[in-house]
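Written out below as C-alpha cells is the structure these notes cover.
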Amino acid sequence: MSQNILVAVAWPYASGSLHLGHLAGAYLPADIFARYHRLVGNKVLMVSGSDGHGTPITVRADQEGVSPQEIVDRYHPEILGYWDSVGISFDLFTTTLTENHRQVTWDIFRAHRAKGTIVEGESLQFYDPEAERFLPDRYVEGTCPHCGYPTARGDQCDNCGRTLDPTDLLNPRSRLSGATPVQRSTKHWFLRLGAFAGEVKAWLESKTGWRRHVKNWALGMIEEGLPDRAITRDLTWGVPIPPEADTLGEGKRIYVWFEAVIGYLSAAKEWAALQGTPEAWRDWWQNPDAKSYYFVGKDNIPFHAVIWPAMLMGYGEHNLPSDVPANQYVTFKGSKASKSLGVGRSIGWYSERLEPDALRFAIASILPEQNDTDLTDDEIIRRINEELVATWGNLVNRVLTITSRNFDHQVPEPGSLDKVDEEVIATVDTALTAVGELISEVELRGGLRTAMEAASAVNVYLNSTEPWKLLKSDRDRAATVLYTACAAISGLAVAFTPYLPFTSPRIAEMLGTGPGDEWSRPKLTPGRELGEIAPLFEKISDDILNEDA
RNA sequence: GGCGGCGUAGCUCAGUCGGUGAGAGCGCUCGACUCAUAAUCGAGAGGUCGGCAGUUCGAGUCUGCCCGCCGCUACCA
C-alpha cells in the first residue's frame, strides 16, 4: 500500500553559507525521513530551494555593491554542493526566481483576491527623500531610546537586543543615504489572515501527534489575533504583482513571506514538468490520501503552521500540512548559530573534514527535537569515535573479519539455531520495526538510538557466544553463531540506511545480500562469496576540527 | 513588556494519561575477554529531578509564585 509523501523543507536564503544548525534543524531530518519512506516503498517527493528574495539578500547585495541576482548566483550553487556532500536527497532543489514560481504565486494571489481575502490597504512607511526609496525597517538606523546605542536598526537594537519600531528611534537616518527619512503613506495589498483564524484554529486543534511547542505556538499566535498583513513591499527585487493588480504605484513587489512558502507547491510543479509528467504534482497536493511534512526550524513555525495553511485554505483544493515537525535550535557553546552573527562554521567546512555518514551520525544523534541542544566540536568527535565507530563500525568489522578469515571468505553454513541465536535475530527484527515506527513519527533521534541499542545487543551476543573460541572447539557451532551475527548486522544495516546512506549499502555488498530495497532483514545465502571486507568508518583524531588542522 | 519553550547524574539528553526502589549514552573506577578500528562485555560509584509553597493516598510529571537560560515578537523568515 504505497503512499504519497511530500517532504517539504525550509527554503534557505541564498545570502550566505549554511551551518550545522540548518542541517540539524531541517535538512538532515527531512532527508532521513524521506529515505525511510522511499525504502518502505512510498512515493516521496522532497523539494525545497534557495530563497532568492528577501531583505538579507538585498542587504548583502547593497553591502557588496552587486546585484541581488549575483548574490543568488554565488550562494545557490554552494548550497547545492552541501546537499551533494552530505547526501541530502532532494528530488528538486530550485530557487524562487523561476517563471514557474511567479505563475504559481500569481495563481494563489488571484484566488485570494477573487475571494476578497487579499485587499488593498495603506500603511505609513519611512521614505528616503534622497535615494527616493521606501526603506525597510532595518534600513533605518538611529539612537536606541532604551540604551542610547547610536546605531540601532529600525527593527531591533543590536546593543540591548530590544525590539524596536523605526518610529522609536531618536535621530532616525537612512542607511542608504544618511538622509533623515520621512514617513509617507504607501499603498499595499493585504492578506486578511483573520478571515481564516477560526478555520485554522479548528484544524490545528484536530491535529494529534504534533510536537507540543509547535501546536502551542501556532494556537497562541491565533489567540493573540491575526491582523491583516501587507504582502507587498516597496521594493524592486521580488516577485512582481500580477499585472492586473499592479495598480498601487511604481516599485512594488510581493514580499518574501507570502511568496516563499508557495515554493513548496511551485517546486512540485517544476519537478513534475521536468519529469515530463506535468500533472504528477497533483498526486502529492490533491490526492486526499497523500501526506505532507514540513521540516523547518522553530522560527518558521508561524509561517508553516498558520499562515501557509491559511493561504491554502483560501486557495482551496490543496492538501494542508499533515505535520510540521519543527526542530528547536542547535546552540554552539550556548549561543544560537546564526549566519549574521557568524557563529558556527559552514556545512562545507565540516563536510571537508568528516566523512558524510560520520557527520550525519553526529548531527542525527543530537537533533534538537524537544529542546535546544548544545553542540561542540568535541561532542561531534566523541559521538563519532565512541559511538559510531566503537559500537557499530567495529561490530560490522569484527563479524566480517572473523567470518571471512575462517570460512573461506563465504557466508557460513549454519546448523540449527539455538535459543540465543533466535533471540538476537528477534532483537534486530524488533528494532527494525521500532526504528521504522519512530521515523514515521519523526522521532529521528530515538530511531537512531534504538538502532544503536540493537547493535550493542549483537556485541553482547558475540561476547557471550565467543565464536573465536568455538572455532577451535566446535566449528559447526561457530558457523551457526557467525551466520547469525551476519544476519543480525545485515538487518541492522537496513535500520541505519536512512541515517547512514553512504556506508550502509556497503554491508549488503560485503554480505552479498544485494541492494536493500525494502524495510526488512535481507535474506542471507549460506555459501555466498563475501565482498571485500573493509572498515566502514575511520576513527578520527581529536584535533581534526581545529582551525589549522 | 507580551508569547512559547526549557532548567533531571561530570557532559549531551530520555522521562507517554501523576503511582512499584529516578533512566540512557559518553566519561570515571574495578573486573572479564582478545574475533575486532586499544574496539567489546560485566559490575560499580555518581542526582535532595532550579527554588519555595500548594493540590493529592502518592508529583520530575498538576497549580501558584520566584530565580535562571533560550527563542519569537509579525518590515528576518
Side-chain angles (χ1 to χ4, degrees), chain A residues 10-13 15 51 53-57 59 123 125-126 134-140 153-156 162-163 165-166 188 193 211-221 223-224 226-227 229-230 233-235 255-257 260-261 296-304 306-307 328-329 331 334-336 338-340 365-366 368-376 378-379 382-383 385-387 389-391 393-403 405-406 443 445-446 449 452-453 456 458-464 466-471 478 482 485 534-539:
Chain A
W11 291 56
Y13 278 130
S15 67
D51 186 341
H53 301 123
T55 316
I57 293 186
V59 166
S123 65
Q125 179 100 30
F126 273 108
F134 281 98
L135 299 170
D137 286 358
R138 22 174 82 189
Y139 276 68
V140 181
R153 288 179 291 136
D155 56 347
Q156 188 177 45
R162 278 182 230 253
T163 307
D165 189 276
H188 283 295
L193 270 180
R211 292 187 183 157
R212 178 170 42 185
H213 70 274
V214 176
K215 196 163 167 176
N216 284 353
W217 192 333
L219 284 171
M221 188 176 159
E223 208 59 43
E224 286 174 41
L226 297 175
R229 285 185 62 146
R233 296 286 186 278
D234 293 285
L235 293 171
Y255 198 56
V256 268
W257 73 255
V261 284
V296 300
K298 66 176 169 182
D299 52 340
N300 255 319
I301 292 170
F303 290 88
H304 293 80
V306 176
I307 295 177
Q328 311 251 7
Y329 285 133
T331 56
S335 302
K336 181 195 171 192
S338 156
K339 276 192 280 191
S340 54
S365 58
I366 57 93
E369 293 173 337
Q370 308 297 334
N371 300 322
D372 288 353
T373 300
D374 202 52
L375 184 63
T376 60
D378 287 347
E379 174 82 1
R382 204 220 87 213
R383 294 269 180 188
N385 283 342
E386 307 298 334
E387 297 180 15
V389 178
T391 301
N394 180 60
L395 170 64
V396 172
N397 193 234
R398 71 191 292 209
V399 169
L400 291 174
T401 304
I402 189 174
T403 301
R405 279 187 198 152
N406 294 285
E443 300 284 343
R445 195 152 97 164
R449 192 179 143 192
M452 288 297 284
E453 282 170 359
S456 275
V458 180
N459 275 321
V460 172
Y461 167 79
L462 288 173
N463 281 47
S464 67
E466 299 182 309
W468 49 91
K469 286 187 182 168
L470 292 171
L471 283 167
L482 288 173
L536 296 177
F537 311 101
E538 295 290 322
K539 223 176 163 179

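Within every chain, numbering begins at 1; the chains are lettered A, B, ... in the order of the sequence lines, protein sequences first and strands thereafter. In this text, all values refer to a predicted model and were calculated from it rather than measured experimentally.
- In the set B/rA39, B/rA74, B/rG5, the nucleotide with an atom closest to the side chain of A/H213 is B/rG5.
- Across the protein-nucleic acid pair, A/R382 atom CZ and B/rG10 atom P stand 16 Å apart, rounded to whole Å.
- Taking atom CZ on A/R449 and atom C1' on B/rC13, their separation rounds to 8 Å, with Å as the unit.
- Ion pair A/R383/A/E387 flagged as a salt bridge, since at least one NZ, NE, NH1 or NH2 atom sits closer than 4.0 Å to an Asp/Glu carboxylate oxygen.
- Atom CG of residue A/L400 and atom CG of residue A/L536 lie 8.0 Å apart, to the nearest 0.5 angstrom.
- Rounded to the nearest Å, the gap between the C1' atom of B/rU55 and that of B/rG64 is 11 Å.
- When both distances must be under 3.5 Å, the Watson-Crick or G-U wobble mate of B/rA22 does not exist.
- Listed candidates were B/rU40, B/rG25, B/rC35. Nearest to the side chain of A/N463 is B/rU40.
- The shortest side-chain heavy-atom distance between A/I402 and A/L471 falls under the 4.5 Å cut-off.
- With contacts defined as side-chain heavy-atom distances shorter than 4.5 Å, the pair A/Y255/A/H188 does not qualify.
- With both ends at atom P, the span from B/rA14 to B/rA24 equals 16 Å, rounded to whole Å.
- Taking atom CE of residue A/M452 and atom P of nucleotide B/rC13, one finds them 18 Å apart after rounding to whole Å.
- Here the separation of B/rU56 from B/rA9, taken at their C1' atoms, is 28 Å to the nearest Å.
- At a cut-off of 3.5 angstrom, the base of B/rA36 holds at least one donor-acceptor pair with the side chain of A/N394.
- A/T373 comes within 4.0 angstrom of the backbone, heavy atoms only, and of no base.
- Between A/T373 and A/Q328, the closest side-chain pair of non-hydrogen atoms is not below 4.5 Å.
- When the P atom is compared between B/rG21 and B/rC49, the two are found 16 Å apart, to the nearest whole Å.
- The residue A/T403 sits apart from the nucleic acid: no heavy atom pair falls under 4.0 Å.
- At a threshold of 4.5 Å between non-hydrogen side-chain atoms, the residues A/I307 and A/L193 count as touching.
- For B/rG4, the paired nucleotide is B/rC70, the pair qualifying as Watson-Crick or G-U wobble because both relevant distances are below 3.5 Å.
- Heavy atoms of A/P467 sit nowhere under 4.0 angstrom from any nucleic acid atom.
- As judged by a 4.0 angstrom heavy-atom cut-off over every strand, A/Q125 is placed among the base-contacting residues.
- Interface remark: the A/N397 side chain does not form any donor-acceptor pair with the B/rU37 base, using a distance-only criterion of under 3.5 Å.
- Picking from B/rC26, B/rA36, B/rG4 the nucleotide with the shortest atom distance to the side chain of A/E387 gives B/rC26.
- Applying the Watson-Crick and G-U wobble criteria (two distances, each under 3.5 Å), B/rU29 pairs with B/rA43.
- Counting only heavy atoms from C-beta on, A/W217 has its side chain closest to B/rG71 among B/rG27, B/rG71, B/rU40.
- With contacts defined as side-chain heavy-atom distances shorter than 4.5 Å, the pair A/R398/A/N459 qualifies.
- Protein atom OH of A/Y461 is 17 Å distant from nucleotide atom C1' of B/rC33, rounded to whole Å.
- The nearest pair of heavy atoms linking A/V256 to A/G54 is CG1-N, 3.2 Å.
- The side chain of A/Y255 lies closest to B/rC75, out of B/rA74, B/rC35, B/rC75.
- Per the geometry, CH2 belonging to A/W468 stands 16 Å off P belonging to B/rA39, to the nearest Å.
- Backbone-only contact: A/N216 has heavy atoms under 4.0 Å from sugar-phosphate atoms and none from a base.
- Listed nucleotides: B/rU12, B/rC75, B/rA36. Nearest to the side chain of A/D374: B/rU12.
- Contact annotation for A/G393: base contact, defined as any heavy-atom pair under 4.0 Å involving a base atom.
- Listed nucleotides B/rU37, B/rC72, B/rC41 differ in distance to A/Y329; the shortest reach to its side chain belongs to B/rC72.
- To the nearest angstrom, C1' of B/rC3 lies 14 Å from CG of A/L226.
- With distances taken from any side-chain atom of A/D299 to the nucleotides B/rA39, B/rC13, B/rC72, the minimum falls on B/rC72.
- Comparing B/rC75 with B/rA59, their C1' atoms are spaced 46 Å from each other, to the whole Å.
- Checked against B/rU12, B/rU37, B/rC35, the side chain of A/R383 finds its nearest nucleotide in B/rU12.
- The separation of B/rU8 from B/rG1, taken at their C1' atoms, amounts to 31 Å, rounded to a whole angstrom.
- Base pairing analysis places B/rC17 opposite nothing; no Watson-Crick or G-U wobble pair with both distances below 3.5 Å involves it.
- Comparing B/rG15 with B/rG60, their C1' atoms are spaced 8 Å from each other, to the whole Å.
- Within the 4.5 Å cutoff, the side chain of A/L395 has heavy atoms near those of the A/L462 side chain.
- Residue-level contact check: A/V460 touches the backbone only, with heavy atoms under 4.0 Å from sugar-phosphate atoms and none from bases.
- Across B/rG58 and B/rG46, the matching P atoms stand 29 Å from one another, rounded to whole Å.
- Closest approach to the A/R229 side chain among B/rC35, B/rU12, B/rC75 is made by B/rC75 (side chain taken as heavy atoms from C-beta onward).
- Of the residues near RNA chain B, A/H304 and A/K469, the one whose nearest nucleotide (by heavy atom distance) lies more toward the 5' end is A/K469.
- Remark: A/R398 is not in phosphate contact with B/rU34, judged by side-chain N or O atoms under 4.0 Å from OP1 or OP2.
- In this structure, B/rU63 forms a base pair with B/rA53, meeting either the Watson-Crick or the G-U wobble geometry with both donor-acceptor distances under 3.5 Å.
- A/L235 comes within contact range of no nucleotide atom at all, as no heavy-atom separation falls under 4.0 Å.
- Base pairing analysis places B/rC75 opposite nothing; no Watson-Crick or G-U wobble pair with both distances below 3.5 Å involves it.
- Counting non-hydrogen atoms under 4.0 angstrom, A/F537 reaches a base of the nucleic acid.
- Map A/E379 and A/A230 each onto its nearest nucleotide of RNA chain B; the residue landing nearer the 5' end is A/E379.
- B/rG10 atom P lies 19 Å from atom CG of A/D378, rounded to whole Å.
- What separates CD of A/E453 from P of B/rA14 is a distance of 15 Å, to the nearest Å.
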